[in-house]
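Quick one: this structure, given as structure tokens, is what I'll be asking you about.
Computed from a predicted model, the values in this text were never measured in an experiment. Counting starts at 1 for both ligands and their atoms, in listed order.
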Amino acid sequence: MSRRALITGITGQDGAYLAEFLLNKGYEVHGMVRRASTEGFERMGHLQLRDRVHLHQADLLDQLSIITLIKEVKPHEVYNLAAQSFVPTSFTQPLLTAEFTALGVTRVLEAIRDVDPGIRFYQASSSEMFGRVQEEPQNERTPFWPRSPYGVAKAYGHWITINYRESYGMFACSGILFNHESPLRSKEFVTRKVSDAAARIKYGLQDKLILGNLDAQRDWGFAGDYVEAMWLMLQQSEPADYVIATGIKHSVRDLVDLAFQRVGLDWKKYVETDSHLLRPAEVNTLCGDASLARTKLCWTPKMSFAQLVATMVDEDLKRVRRSIAAEKAAADPPRLD
Ligand code: NAP
Ligand code: G4F
């Protein structure tokens, strides 16, 4: 009998890669989606997942909907990836971010505790919790100092996961994942904003790229590598929390430089900065130490930063070329006579 997994946030970047990974492992994959007036399943379309997963409507804000879903699906494993995940929005919508990203975790844990406390649980914790970093590199014991309402909400989600493990003996793990990116990343995050702009500028569809803090440093990895670590955490004999990272950091300036080199342009001619894109409190630098994951989970990241940037830019170049060709075909349809 195949194992059943339930993914909250299946329409997001990680949800798509995790669903693909679990299907390849032979899992029956169920996804929780919230109701919207239009279907937002583009990422599942990219990975040809739409007909291979079972989708159910429920919402992190609605306790009963989550309980009903878990009763229906009877999953062996729950991956809680759903969240308001964009840091700037957490400054403009701090209460909604707390509802989704903090209390949402407790709602999923309560549903599991009520329906079947034997279900294994993964919580998507974040390196944003380290914020104003207290040591470098950061590991599972580094104290948190979150610098955004998002980081504060994730710290709550992290500790409530540990609390349910300690209080009720639940198999609940928290993955402290550093930034991970892919061609499926939303364009609001800096990596995809840059790869998309480099491709559009190359083809004359955009003149400038306006960014915020070019000095910020992140430990960027590939989302496809990171979802394997989520699964590995739930296959262990004991639940624990793990940092997942590459251990190498780069600045936003390095990212821009590499992306524009890929399209053969000098970034300094196209990139401007705007102080409106600076955050009320910034996380200046993040760099993770994933030694525990390496030794206990035998997990290592496979894609380098340079390969990641090249892959993202190449995918955006292809997409821009396709859209230019489609527009041209629509404006100039072939004559049939
Ligand atoms: P993402 O692309 O922003 O996806 C977020 C998902 O959450 C979407 O499927 C979204 O659904 C869903 N969601 C939001 N509010 C919801 C609600 N009220 N009810 C149900 N679903 C809701 O995020 P991601 O990059 O895949 O990240 C996955 C998780 O890992 C998030 O929790 C994020 O905070 C965390 N994380 C990410 C990174 C990273 O670098 N990517 C690093 C550390 C931690 P819609 O499609 O309907 O909006
Ligand atoms: O790409 P970002 O928006 O990602 P950020 O804030 O690090 O958050 C991401 O990673 C977290 C893990 O640490 C996740 F938990 C979270 O859900 C999300 O996936 O910004 C990265 C850096 C920041 O320092 C930001 O100030 O890039 C800087 N930046 C500079 N210009 C910009 C821009 N960020 C964005 N989004 N847009 C800019 O124009």
Exercise for the section: Report yes or no: does a heavy atom of Phe86 sit under 4.0 Å from some atom of ligand 1? Expected result: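 Phe86: no contact with ligand 1 (<4.0 Å).
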Practice task
Please determine if Leu214 has a nitrogen or oxygen closer than 3.5 Å to a nitrogen or oxygen of ligand 2.
Solution key: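 Between Leu214 and ligand 2, no N or O pair is found under 3.5 Å apart.
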Problem - Among Lys187, Lys193, Gln84, Glu128, closest by any non-hydrogen atom to atom 38 (C) of ligand 2 - result: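 Considering heavy atoms of Lys187, Lys193, Gln84, Glu128, the nearest to atom 38 (C) of ligand 2 sits in Lys193.
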Exercise for the section: Quick one: pull up CZ in Arg4 and NZ in Lys74 and give me the separation to the nearest 0.5 Å. Expected result: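 NZ of Lys74 is found 7.5 Å from CZ of Arg4.
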Handout entry: Check: Val190 N/O within less than 3.5 Å of ligand 2 N/O
Key =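 Among all N and O atoms of Val190, at least one is under 3.5 Å from an N or O of ligand 2.
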Exercise for the section: Could you tell me which atoms of ligand 2, counted from 1 in the order shown, lie closer than 4.0 angstrom to a heavy atom of Val87? Expected result: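 Listed by number with element, the hits are 6 (O), 8 (O).
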Problem - Sub-4.0 Å heavy-atom approach of Thr8 to ligand 1 - result: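 Thr8 does not count as a contact of ligand 1 under the 4.0 Å cut-off.
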Exercise for the section: Indicate whether the side chain of Tyr79 and that of Glu77 have a donor and an acceptor atom separated by less than 3.5 Å. Expected result: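 Glu77 and Tyr79 do have a side-chain donor-acceptor pair below 3.5 Å.
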Problem - Trp220 and Phe305 aromatic ring geometry - parallel, tilted or perpendicular at 30°/60° bounds - result: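 Ring orientation of Phe305 relative to Trp220: parallel.
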Practice task
For the pair Tyr226 and Trp299, name the ring-plane relationship: parallel under 30°, tilted 30 to 60°, perpendicular over 60°.
Solution key: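 Ring orientation of Tyr226 relative to Trp299: perpendicular.
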Exercise for the section: Give the atoms of ligand 2, by number and element, whose distance to some non-hydrogen atom of Ser127 is under 4.0 Å. Expected result: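 Under 4.0 Å from Ser127, ligand 2 has these atoms: 12 (C), 13 (O).
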Handout entry: Best match, Leu81, Val87, Ile66: closest heavy atom to atom 29 (C) of ligand 1
Key =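 Considering heavy atoms of Leu81, Val87, Ile66, the nearest to atom 29 (C) of ligand 1 sits in Leu81.
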Problem - Option of least heavy-atom distance to atom 38 (C) of ligand 1 (set: Met230, Arg35, Met129, His180) - result: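 Among Met230, Arg35, Met129, His180, the closest heavy atom to atom 38 (C) of ligand 1 comes from His180.
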Practice task
Please work out which of the three classes, parallel, tilted or perpendicular, describes the rings of Phe144 and His158, given edges at 30° and 60°.
Solution key: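 Because their plane-to-plane angle is over 60°, the rings of His158 and Phe144 count as perpendicular.
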Exercise for the section: Any atoms of ligand 1 less than 4.0 Å from a non-hydrogen atom of Asn179? List them with their elements. Expected result: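 Those atoms are 40 (O).
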Problem - Pick from Ala82, Ser90, Ser182: the one approaching atom 22 (C) of ligand 1 most closely through a non-hydrogen atom - result: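 Among Ala82, Ser90, Ser182, the closest heavy atom to atom 22 (C) of ligand 1 belongs to Ala82.
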Problem - Asp274, CG: over 12 other non-hydrogen atoms inside 6.0 angstrom - result: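 Check passes, neighbour count above 12.
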Handout entry: Nearest candidate to atom 3 (O) of ligand 1, where distance is taken over non-hydrogen atoms, out of Gly31, Ser85, Ser125, Ala58
Key =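 It is Ser85 whose heavy atom sits nearest to atom 3 (O) of ligand 1.
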Problem - Atoms of ligand 2, numbered as shown, that sit under 4.0 Å from any heavy atom of Ser126 - result: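 In order of number, 11 (C), 12 (C), 13 (O), 14 (C), 15 (F).
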Exercise for the section: May I ask whether Lys154 places a heavy atom under 4.0 Å from ligand 1? Expected result: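 It does; at least one heavy atom falls under 4.0 Å.
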Problem - Trp145/Phe130 under ring-ring contact (aromatic ring centres under 6.0 Å, His included): CA gap, chis, key distance, verdict - result: CA-CA 5 Å; Trp145 190 317; Phe130 295 121; over 10 Å; no
Handout entry: For Ile7, the option from Leu81, Asn80, Val227 that meets side-chain contact (heavy atoms from CB on, under 4.5 Å)
Key =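 Filter result, single survivor: Leu81.
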Exercise for the section: Examine Asn80 against ligand 1 and note whether any of their N/O atoms are separated by less than 3.5 Å. Expected result: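 Such a contact does not occur with ligand 1.
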Exercise for the section: Determine, considering heavy atoms only, which of Arg185, Glu181, Arg279 sits nearest to atom 6 (O) of ligand 2. Expected result: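 It is Arg279 that holds the nearest heavy atom.
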Problem - Candidate list Gln13, Arg43, Lys193, test side chain to side chain donor-acceptor pair (under 3.5 Å), partner Ser186, passing option - result: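 Of all the options given, the one that passes is Arg43.
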Handout entry: Numbering as shown, the atoms of ligand 1 that approach Gln13 to under 4.0 Å (heavy-atom distance)
Key =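 The list of qualifying atoms is 2 (O), 25 (O), 26 (O), 41 (N).
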Handout entry: Pick from Glu188, Arg147, Arg218: the one approaching atom 7 (O) of ligand 2 most closely through a non-hydrogen atom
Key =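 Among Glu188, Arg147, Arg218, the closest heavy atom to atom 7 (O) of ligand 2 belongs to Arg218.
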Exercise for the section: May I ask you to check whether Thr106 and Tyr156 show a side-chain donor-acceptor distance below 3.5 Å? Expected result: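 Present: a donor and an acceptor within the cut-off.
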